[in-house]
Amino acid sequence: MDQIRIKQKNGSLLQRLHSNLFQRLLKDMRKNWILYAMILPVVVWFLIFCYKPMYGVLMAFKDYKVKLGIMGSPWVGLKHFQRFFHAYNFKLLLRNTLWLSVYNLLVGFPIPIVFALMLNYLKNKYLKKTVQMVSYAPYFISTVVICGMISIFMAPDTGIFNTMRAWFGAESVDFLSKPNWFDDIYVWTGIWQGMGWSSIIYISSLAGVDYELHEAAIVDGATKIQRMIHVDLPSIKPTIVMLLILQMGSLMSVGFEKVFLLQNNLNKSAASVISTYTYEVGLINSDYGYSTAVGLFNSVINVLLLVTANQIVKKFADESLF
Amino acid sequence: MEKSMERKIRRSYSDKIFDVVNLLVMIVLLFVFVWPLWFVVIASVSDPHEVWRGNVVMFPQGFTLNSYKELVKYTSIWTGYANTIFYTVVGTLVNLIMTVCAAYPLSRKDFVPRRFFLWMFMFTMYFGGGLIPSYLVVSSLGLIDTRWAMIIPGAISVYNILITRTYFMNSIPSELQEAATLDGANSLQYLLKIVLPLSKPIIAVIGLYYAVGHWNDFYTALIYVYDKNLMPLQSFLRDMLMSTKLSLSNLTGMDAETVARKMELAQTLKYSAIIVSTVPVLCIYPFIQKYFVKGVMIVSVKG
């Protein structure tokens, strides 16, 4: 009896809470109707362009027919996923996607930090400003132009890299048609384009490091390199950790554009990743259900990676995104 | 005493080496950043034959503006240019209106469903439907092959909403709102007359983020636009820069020498096309880069 009464009591409490929230909303709507009117188009946009496609993900489990629509098409369970896992290029795609990201992370993550640290100790303020400004510039150049420049500079015979090889008597290499050069080209040109920009956030947090710590270190006889390691790095650790988690989360989302643009028939074994594959089977071959399944596989792994990275960091470094 | 002196000397010695190495690395880096851009500039005004032979390294050789004159004849590039200007201006305007409409209510502490909407927006940063479901939505709205396909599907960036919201919350004192309410202003009047004028720096920053995004956008057109008359500059640039094949039909009946000249000119055409398409961004860049940097800082402060 008592238990039932408690249950009833709880129920009514919950109901009261519900109606409370509802009433609060109604009251707020009357008071702040302008705010609701403002945010309405934004919410509609998110529903149409973000949440409706999420519902469309159901296609990954269906034999999608345009005429039948998403609801009407028959379920096929995990057929598309099995097809992908057994595809002849599954391993290749997975390996390329992971390798390009891991390589990019291993090299591309520390370099902006080192760059920011070194820039921070540059004595000549004028040079410091110049280097900073010039290093941001490539970030604003479009991917198409960057890839165009890559193909010019990497061109056989006439490109600068081959001209330089010629100075040392080495023979000309057609870099862009060699699969084994693709990852280096992809990663290092990415660093050229992005390192200045990625370093801004570190430069700004280095500017916030307490100078008293440096003075104390100087009194203790620390060299500049020692100050970098024992004063600067620990001070900007939270920033580093935050960016690392974010990067881990996008480990599987290799930028589509650059791989797509640099791809050709000769280097394709290295220059095809999951995102270019979804484009190929989806938009070129119109294999909608399958392409959606491949894309879903990719984004689920992404979310898992993000959550795992966040969890790991939370445990060991006491920092987290959420 | 002596020991600390010794330590000081050792330190200054180590620091000196460090300073020299640091200076050298920075100068090399400066060169690495500048040279590729510089090369494109000098190659575009050099004699195509000299560029072909690899003689153009630091300075233009056989100065000529032929490649620019040739580029003027490429009408498709100019169609793309006009389209891109349209997409950038209209697109950025739409972006800014939508972003303010999202960020302002979210910045108000008395807006009850604030948390819910924030989560609803932020969730899309981590998970999305993917290429085909999005394509089908855009297609079902009849946007494929229209100018709106370049503007509406990318109308909002959650990241920019977050930056703007943070700015509204941290940089505009809430007392102002109380004062405005006392004076009988409603939320819209307060936003237009007080918040926005005070938020010029952040509006400039995200406006520039969006504008550069539109200018450089190649992906949207690849997916949603197939009509040549609607294509943006980047699509034409891609055809020009990434294709090595020449239209051979124009070359038949020419002797080898003329063909070679043609090919060299086609190569330098690439350089002038890069310059013409990138100059608008790089020209305004020195004036606005401090705003861009400010934008990144706002995010980093937010953490």
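The shown structure was predicted, so the numbers you read here are calculated from the model rather than taken from an experiment. In the text below, chain A, chain B and the rest are named by the order of the sequence lines, each starting its count at 1. When reading the values below, keep in mind they use all heavy atoms of this one structure, side chains included, and skip hydrogens, waters and symmetry mates.
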Practice task
Measure the shortest side-chain to side-chain distance between A:Lys52 and B:Ser140 over non-hydrogen atoms and say whether it is less than 4.5 angstrom.
Solution key: yes

Practice task
Find the one option among A:Leu40, A:Ile160, A:Leu25 whose heavy-atom pairs under 4.5 Å with chain B are most numerous.
Solution key: A:Ile160

Problem - Pick from B:Ala43, B:Pro36, B:Ala103 with the largest number of heavy-atom pairs that fall under 4.5 Å of chain A - result: B:Pro36

Handout entry: Distance-minimising heavy-atom pair for B:Gly128 and A:Ser299
Key = O-OG, 4.3 Å

Problem - A:Leu127 versus B:Ile27, closest heavy-atom pair with distance - result: CD2-CG1, 4.5 Å

Handout entry: Region of A:Ser135 that comes under 4.5 Å of a non-hydrogen atom in chain B
Key = both

Handout entry: Minimum heavy-atom distance between B:Asn186 and A:Ile34, given as atom pair plus value
Key = CG-CD1, 3.6 Å

Completion exercise
Taken to the nearest 0.5 Å, the spacing of A:Glu257 CD from B:Asn216 CG works out to 9.0 Å

Exercise for the section: Check whether any side-chain heavy atom of A:Met54 lies under 4.5 Å from a side-chain heavy atom of B:Thr124, and answer yes or no. Expected result: yes

Completion exercise
Heaviest contributor of heavy-atom pairs below 4.5 Å to chain B, chosen from A:Val134, A:Ile150, A:Leu176, A:Thr278, is A:Val134

Completion exercise
One should read off an interatomic distance between B:Phe117 CZ and A:Ile39 CD1, to the nearest 0.5 angstrom, of 5.5 Å

Exercise for the section: Quick one: closest heavy-atom pair of B:Met98 and A:Val42, and the distance? Expected result: O-CG2, 3.5 Å

Exercise for the section: Just give me the residue among A:Met195, A:Lys31, A:Met38 that pairs up with chain B most often, heavy atom to heavy atom, under 4.5 Å. Expected result: A:Met38

Fill in the blank from the handout: To the nearest 0.5 Å, atom SG of B:Cys101 lies from atom CG of A:Leu35 at 10.5 Å

Practice task
Measure the shortest side-chain to side-chain distance between A:Tyr36 and B:Pro113 over non-hydrogen atoms and say whether it is less than 4.5 angstrom.
Solution key: yes

Practice task
Considering only heavy atoms and a distance below 4.5 Å, find which of B:Tyr271, B:Phe121, B:Phe39, B:Tyr219 pairs most often with chain A.
Solution key: B:Phe121

Handout entry: Non-hydrogen side-chain atoms of A:Cys147 and B:Leu241 separated by less than 4.5 Å
Key = no

Handout entry: Region of A:Leu243 in contact with chain B, defined by heavy-atom distances below 4.5 Å
Key = neither

Practice task
Report yes if some heavy atom in the side chain of A:Ile141 is under 4.5 Å from a heavy atom in the side chain of B:Leu37; otherwise report no.
Solution key: yes

Handout entry: Top of A:Val66, A:Leu261, A:Val294, A:Leu296 for chain B proximity - count of heavy-atom pairs under 4.5 angstrom
Key = A:Leu261

Practice task
With a 4.5 angstrom heavy-atom cut-off, could you sort out which part of A:Tyr51 is near chain B: side chain, backbone, both or neither?
Solution key: side chain

Exercise for the section: Report the distance from atom CG of B:Asn22 to atom CG of A:Asn120, rounding to the nearest 0.5 Å. Expected result: 10.0 Å

Handout entry: Options B:Val281, B:Val25, B:Ile156, B:Leu30, ranked by heavy-atom pairs under 4.5 Å with chain A, top entry
Key = B:Ile156

Handout entry: Distance, nearest 0.5 Å, that separates CE of A:Met149 from NZ of B:Lys270
Key = 13.0 Å

Exercise for the section: Pick one of side chain, backbone, both or neither for A:Phe153, based on which atoms fall under 4.5 Å of a heavy atom in chain B. Expected result: side chain

Problem - Side chain to side chain, A:Thr223 and B:Tyr13, heavy atoms closer than 4.5 Å - result: no

Fill in the blank from the handout: Per-residue tally against chain B (heavy atom, under 4.5 Å) across A:Leu122, A:Ile225, A:Val57 peaks at A:Leu122

Problem - Side chain / backbone / both / neither for A:Met29 at chain B, heavy atoms under 4.5 Å - result: neither

Exercise for the section: Measure distances from A:Met59 to the heavy atoms of chain B and classify the residue's part below 4.5 Å as side chain, backbone, both or neither. Expected result: side chain

Practice task
Quick one: which of A:Trp192, A:Phe260, A:Tyr121, A:Phe49 has the most heavy-atom pairs under 4.5 Å with chain B, could you say?
Solution key: A:Trp192

Completion exercise
If you tally heavy-atom pairs under 4.5 Å between each of B:Asp110, B:Leu188, B:Val158 and chain A, the highest tally belongs to B:Asp110

Problem - Non-hydrogen atoms of B:Ile152 and A:Trp45 that approach each other most closely - result: O-NE1, 2.8 Å

Problem - Side chains of B:Ile274 and A:Ile152 in contact at under 4.5 Å (non-hydrogen atoms) - result: yes

Practice task
Classify the angle between the aromatic ring planes of A:Tyr288 and B:Tyr135 as parallel (below 30°), tilted (30 to 60°) or perpendicular (above 60°).
Solution key: tilted

Completion exercise
Shortest non-hydrogen pair, B:Leu222 vs A:Phe256, comes out as CD2-CE2, 3.6 Å

Problem - Between CG on residue B:Leu131 and OG1 on residue A:Thr292, distance to nearest 0.5 Å - result: 8.0 Å

Exercise for the section: Verify, without hydrogens or angle tests, whether B:Trp215 (side chain) and A:Ser142 (backbone) share a donor-acceptor contact under 3.5 angstrom. Expected result: no

Exercise for the section: For the residue pair B:Met120 and A:Leu47, establish whether any side-chain heavy-atom pair is separated by less than 4.5 Å. Expected result: yes

